[in-house]
Amino acid sequence: MLETAGKSLDPADWTAFRKQAHKMLDDMLDYTESLNSRDVWQPMPDDIQAHLRESLTEKTFEDAHTDFMQNILPYAVGNAHPRFMGWVHGGGTPVGMVAEMLAAGLNANLGGRNQAPVEIERQVMRWVRDLFSFPETASGLFVTGTSMANLIGCLCAKTKVLGVKTRQMGLQHSPELSAYTSTAAHVSVTQALDISGIGTHALRKIPVNSNYEIDVTALEQAIISDKQAGKTPFLVVATIGTVDVGAIDDLQKIAALCRHENIWFHIDGAFGALAMLAPELAPRLAGIELADSIAFDFHKWGQVPYDAGFVLVRDGNIHQKTFASPAAYLQRQERGLSANSPWACDLGLDLSRGFRALKTWFTLSVYGNEKLGQVIAHTCELAQYLKSKIEASLELELLAPVALNIVCFRYRCDDTNRVNTEIVIALQESGIAAPSSTTLNGQVAIRAAIVNHRTTENDIDILITATLSCGRKLI
Ligand SMILES: *Cc1c(COP(=O)(O)O)cnc(C)c1O
């Protein structure tokens, strides 16, 4: 137990506390500095698992920290490590880490009110509004992640087509809605239809072309035939950076179709939207500026520590109408702590919210757009390097085009699905590298998503060598 000052939870001995706090900061800086010499991941041994299931025991502050260092830190997923390539997870930065501590120290609640932290969130909103060339009428806010941001986009689209009255009436007297995305879309798009009450049957999964981009002709035909069947198409969700292969849908064509049909155009740009920071990639996202809403994460390619999702909505008025509660709104004032409307709670589902904006504001300010853009472009160059290594090897085979930073490949052999599934698990358990596996057209692929700013060509070489040696052992 920590000895505290009277009934308060503050320490009785600030000097001792300060010393321990500094040690904790140093330990995390040591961890970050030495990532390369650590295992990417290791499974939790049975005794550690058992320890983590014990009932609550009181500890000193020092002992809790020792417990963390010995029993928690070594058994995390490992996405800070340069050879973590499983799924699209960001690497985090020391700047983001320390900024998170400042935010926790301030303990700001970003639900609203008249305070500077709210202004920081708005400032980041204006920065991304400019990055995506959205108008000044746009609004946006931090959310947990793109899953939540996709839901918010879907709810705004519902308000646009049905009006605010559905917030009271529900969907019982509304027309039958239909929404569209590709078969390569993230599962959170389906979930958004579910949670919004519209239902997943309303979502059409449009086939993709050989580059895993949505087939826009098929999309157009689906919209026409739904209209003929008396349905009301209301939402198209395009993806920048699909989960499996990192494909980018044709945003300009989809935008034109949506405008013609008066359909809400939402973009799931979870990791891909921040490619706008890299001048060599930005032209491939042409049309992003035409979206009605964009969902994306700072915690993936933006390298901000988890979690830091964001949603940007072109028409701030519809955004506010979708969430603001009139009763709460009446309590706002012109001055004092209850001024400064609209608040974040008028634009999303959460009332109490942490200061996610601060670690993002620090990251963007301290590293700068140019440097972050270079990191993003570099991960794509590394993906091309990995692709060239695969193509140069007779034992390996590329399984999908490499649009951005994701490479899907496999070890050539009989019984490929079983062997390649095993290779991925063996690589993860070796601690050397951690790719993930996925299935493309029934074929199991080793998927390397290069997201981390720490990854180098040497890490790619290590991945290739380890993959080949696992494959040879397994056949
Ligand atoms: C990661 C991802 C999501 C989900 O985002 P979260 O931040 O994990 O909620 C959605 N779509 C795509 C394309 C993704 O890569």
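All values below come from the heavy atoms of this structure, side chains included, with hydrogens, waters and symmetry mates left out. Atoms within each ligand, like the ligands themselves, are counted from 1 in listed order. Keep in mind the model is a prediction, meaning the values are calculated, not measured.
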*Does Arg129 make a cation-pi contact with Phe134, if we ask for NZ or CZ under 6.0 Å from the ring centre and within 45° of the axis?*
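Pair Arg129/Phe134 does not count as cation-pi.
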Any protein N or O within less than 3.5 Å of an N or O in ligand 1? List each pair with its distance, or say none.
residue: ligand 1; atom: 5 (O); partner: Asp297; partner atom: OD2; Å: 3.4
residue: ligand 1; atom: 7 (O); partner: Thr146; partner atom: N; Å: 3.0
residue: ligand 1; atom: 7 (O); partner: Asp297; partner atom: OD1; Å: 3.1
residue: ligand 1; atom: 7 (O); partner: Asp297; partner atom: OD2; Å: 2.6
residue: ligand 1; atom: 7 (O); partner: His299; partner atom: NE2; Å: 3.0
residue: ligand 1; atom: 9 (O); partner: Thr146; partner atom: N; Å: 3.3
residue: ligand 1; atom: 9 (O); partner: Ser147; partner atom: N; Å: 2.9
residue: ligand 1; atom: 9 (O); partner: Ser147; partner atom: OG; Å: 2.7
residue: ligand 1; atom: 11 (N); partner: Asp268; partner atom: OD1; Å: 3.2
residue: ligand 1; atom: 11 (N); partner: Asp268; partner atom: OD2; Å: 2.7
residue: ligand 1; atom: 15 (O); partner: Lys300; partner atom: NZ; Å: 3.0

*Donor on one side chain, acceptor on other, Asp297 and Tyr306, under 3.5 Å*: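 Looking only at side-chain atoms, Tyr306 and Asp297 do not form any donor-acceptor pair under 3.5 Å.
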*Any chance the side chains of Arg83 and Asn36 put a donor and an acceptor closer than 3.5 Å?*
yes
*asked:* Run Tyr411 and Phe409 through ring-ring contact (aromatic ring centres under 6.0 Å, His included) and show every step you take.
replied: CA-CA 7 Å; Tyr411 187 76; Phe409 64 107; 9.9 Å; no
*Scan Phe355, Phe296, Phe310 and name whichever one has a ring-ring contact (aromatic ring centres under 6.0 Å, His included) with Phe142.*
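Going through the options one by one, the only one that passes is Phe310.
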Show me the donor-acceptor pairs within less than 3.5 Å that the side chains of residues 147-158 make with the rest of the protein, sequence neighbours left out.
residue: Asn150; atom: OD1; partner: His266; partner atom: NE2; Å: 2.8
residue: Asn150; atom: ND2; partner: Ser188; partner atom: OG; Å: 3.1
residue: Asn150; atom: ND2; partner: Asp268; partner atom: OD2; Å: 3.3

